> 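Sharing a structure with you now.
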Amino acid sequence: MAVVKPFLCIRPDGEAVSKVAALPYDVYSRREACEAVAQNPLSFLNIDRAETQFGEDVDTYDERVYEKARQLLESRIQDKTFVTETEPCYYLYQLTMDGRSQTGVVACSSVDDYESGVIKKHENTREDKELDRIRHVDVTSAHTGPIFLAYQRSEALARIMEEVMEETPLYDFVSEDHIGHKVWRMAGSRRLTAVEAAFREIPATYIADGHHRAASAVKVALKRRKEQEDRGETVTGEEPFNYFLSVLFPGDQLMIMPYNRVVKDLNGLSMEKFFTAVCEHFDVAKIGKEAYAPREKGTFGMYVRGEWYMLKAKASILTEDPVRGLDVSLLQDWLLGPVLGIGDPRVDKRIDFIGGIRGLKELERRVNEDMEAAFSMYPTSIEELFAVADAGRLMPPKSTWFEPKLRSGIFIHRL
């Protein structure tokens with residue numbers, strides 16, 4: 001049973017929200033982040049990426065950066081850019097992209113659920129990527145970027161959400177990337193009790209996006225528990241640090257885009273030998289100059305030497321295994337690895353990954369500029385993600401690309 005609680009939210013004043021709301025910190029390079037905050041001093045990126053307040057001589061992970069983030073957050077609270085709720089609330093957060101909407105519950109999820117496996121994961125995390133957010137959360141004493149969770153559809157929750165969405169939104173704006181954002185506030189004991197009870201009937205929630213942020217929030221919680229115990233104080237489990245900020249969406253509303261691949265070279269193979277090796281496990285059909293996006297599972301687009309091809313996995317390599325049967329696994333296990341010599345895609349410098357939001361033209365551009373071959377993928381489904389997580393398994397790296405991205409700074413949870 002999932003423990004999902006309302007919380008005392010710090011959020012932007014109504015008129016400021018469209019300027020404050022920012023894409024997640026990790027979609028920007030340092031240069032891009034500096035350019036973004038220069039154009040918008042209220043952007044939450046100022047706090048999420050506080051190295052933008054320093055010259056390049058100050059390292060991104062310098063202690064001064066995290067202290068600056070804390071100072072900026074406090075100053076925005078003091079100058080009323082942010083307001084603090086007087087009672088715990090849930091919120092509904094709806095994002096609309098290209099006419100398609102998804103609506104999630106903004107709440108606090110349980111660290112204990114993460115530890116016990118009620119919150120299921122499908123990716124490994126890297127310690128070096130966790131350390132930055134651990135310091136950010138600990139020094140600011142706040143969760144500023146929500147974790148994107150999914151759950152199997154609940155009719156009880158759906159009814160509550162439909163009722164709330166008939167009311168006037170708290171926020172309603174369109175961001176610069178043309179994504180619509182609406183937020184409804186859910187307060188009052190009847191609604192809060194109903195939402196919490198509905199989540200208790202859900203056996204598991206799933207991290208869709210934000211594995212590193214979730215792991216960092218949990219490690220800060222464990223650190224604070226130990227510090228409290230070391231002071232001789234009892235940890236009740238109700239302390240705010242025992243919960244982390246999340247937005248929970250019904251899985252049937254989510255869209256996963258493909259995560260495409262580009263490769264630096266053909267591993268020393270001639271075109272003839274390359275195609276001979278590919279044809280051992282894939283049927284190959286030449287498409288021509290028109291970009292090809294796969295239309296069904298088990299098929300792939302390949303762009304090489306200015307031409308597109310359609311690859312179809314042969315029956316001999318198909319499997320019902322929840323991980324080895326993923327399209328990203330089929331491509332890695334039967335082509336990228338054995339043919340092109342990409343042993344570990346997490347660290348190999350000869351491969352790069354292109355989110356589906358960038359389109360197929362980006363694959364062509366990369367091949368024409370600095371790569372040798374590109375592969376367009378059929379997107380992993382939410383059902384496949386659930387199956388992998390339920391089996392206690394992990395997906396290969398770069399298996400899913402979720403759009404639209406949740407904004408940071410709309411909701412802040414104080415530890």
Side-chain angles (χ1 to χ4, degrees), residues 2-13 16-17 20-22 24-26 44-48 50 66 69-70 72-78 81-93 104-115 119 130 132-149 170-171 181 183-187 192 195-196 199 205 207-225 228 235-249 405-415:
V3 176
V4 177
K5 290 190 172 289
F7 66 107
L8 276 176
C9 184
I10 299 171
R11 56 180 179 80
D13 174 73
V17 65
V20 169
Y25 74 97
D26 53 358
F44 200 77
L45 200 57
N46 287 277
I47 297 169
D48 252 355
Y66 303 106
R70 186 194 66 77
L72 287 171
L73 177 58
E74 295 301 331
S75 67
R76 290 289 175 260
I77 294 171
Q78 292 298 319
T81 301
F82 290 109
V83 296
T84 304
E85 294 282 9
T86 58
E87 60 179 326
C89 303
Y90 291 112
Y91 301 84
L92 294 186
Y93 180 17
V105 177
V106 184
C108 275
S109 294
S110 166
V111 166
D112 287 336
D113 279 358
Y114 182 97
E115 291 282 272
I119 297 173
E130 291 177 19
D132 168 51
R133 286 303 103 175
I134 289 172
R135 292 296 297 142
H136 194 277
V137 170
D138 203 23
V139 174
T140 61
S141 202
H143 298 137
T144 58
I147 313 305
F148 187 157
L149 299 179
L170 176 67
Y171 301 134
H181 304 264
V183 173
W184 291 265
R185 181 174 176 269
M186 290 195 291
L192 299 188
V195 171
E196 190 166 357
F199 272 111
T205 60
I207 299 178
D209 200 8
H211 282 79
H212 285 91
R213 275 172 285 145
S216 300
V218 170
K219 288 186 177 178
V220 171
L222 298 179
K223 172 178 177 288
R224 293 204 171 193
R225 286 180 183 180
Q228 192 159 311
V235 176
T236 67
E238 294 304 312
E239 296 86 355
F241 58 70
N242 290 296
Y243 300 87
F244 59 84
L245 183 64
S246 55
V247 186
L248 302 101
F249 292 90
K405 302 293 186 188
L406 306 182
R407 268 28 181 199
S408 296
I410 302 178
F411 315 97
I412 298 170
H413 171 236
R414 259 291 163 86
L415 277 62

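Side-chain atoms are counted along with the backbone in the values below, which use heavy atoms only and exclude waters and symmetry mates. Because the structure is predicted, anything quoted here is derived from the model rather than measured.
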> For the residue pair Phe148 and Phe249, categorise the inter-ring angle as parallel (less than 30°), tilted (30 to 60°) or perpendicular (more than 60°).
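Rings of Phe148 and Phe249: tilted, 30 to 60°.
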> Does some side-chain heavy atom of Ile147 sit less than 4.5 Å from a side-chain heavy atom of Ser109?
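No, every pair of side-chain atoms sits at 4.5 Å or beyond.
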> Pick out which of Tyr93, Phe244, Phe44 makes a ring pair (Phe, Tyr, Trp, His ring centres under 6.0 Å) with Phe411.
Tyr93
> Does Asp138 have any salt bridge (charged side-chain N to carboxylate O under 4.0 Å, His left out) partners at least two apart in sequence or in another chain, and if so, which?
Lys223, Arg224
> Side-chain contact, heavy-atom cut-off 4.5 Å: Ser110 with Tyr243?
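Heavy-atom side-chain distance check passes, below 4.5 Å.
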> As a test of understanding, state which of His413, Arg414, Arg213 forms a side chain to side chain donor-acceptor pair (under 3.5 Å) with His143.
His413
> Do Ile412 and Ile77 have side-chain heavy atoms sitting under 4.5 Å apart?
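Contact flag for Ile412/Ile77 side chains = no.
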> Is it true that the NZ or CZ of Arg11 lies under 6.0 Å from the centre of Tyr91's six-membered ring and within 45 degrees of the ring axis?
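Negative - Arg11 is either too far from the ring of Tyr91 or too far off its axis.
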> Could you walk me through whether Arg225 and Asp112 pass salt bridge (charged side-chain N to carboxylate O under 4.0 Å, His left out), step by step?
CA-CA 12 Å; Arg225 286 180 183 180; Asp112 287 336; 2.9 Å; yes
> Is Val105 close to Met186 at the side-chain level, that is, under 4.5 Å between some pair of heavy atoms?
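Yes, their side chains come closer than 4.5 Å.
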> Considering residues at least two apart in sequence or located in another chain, which fulfil the salt bridge (charged side-chain N to carboxylate O under 4.0 Å, His left out) criterion with Asp13?
none
> Side chains of Arg133 and Lys219, heavy atoms from C-beta outward: is any pair under 4.5 Å?
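Result no, sub-4.5 Å side-chain heavy-atom pair not found.
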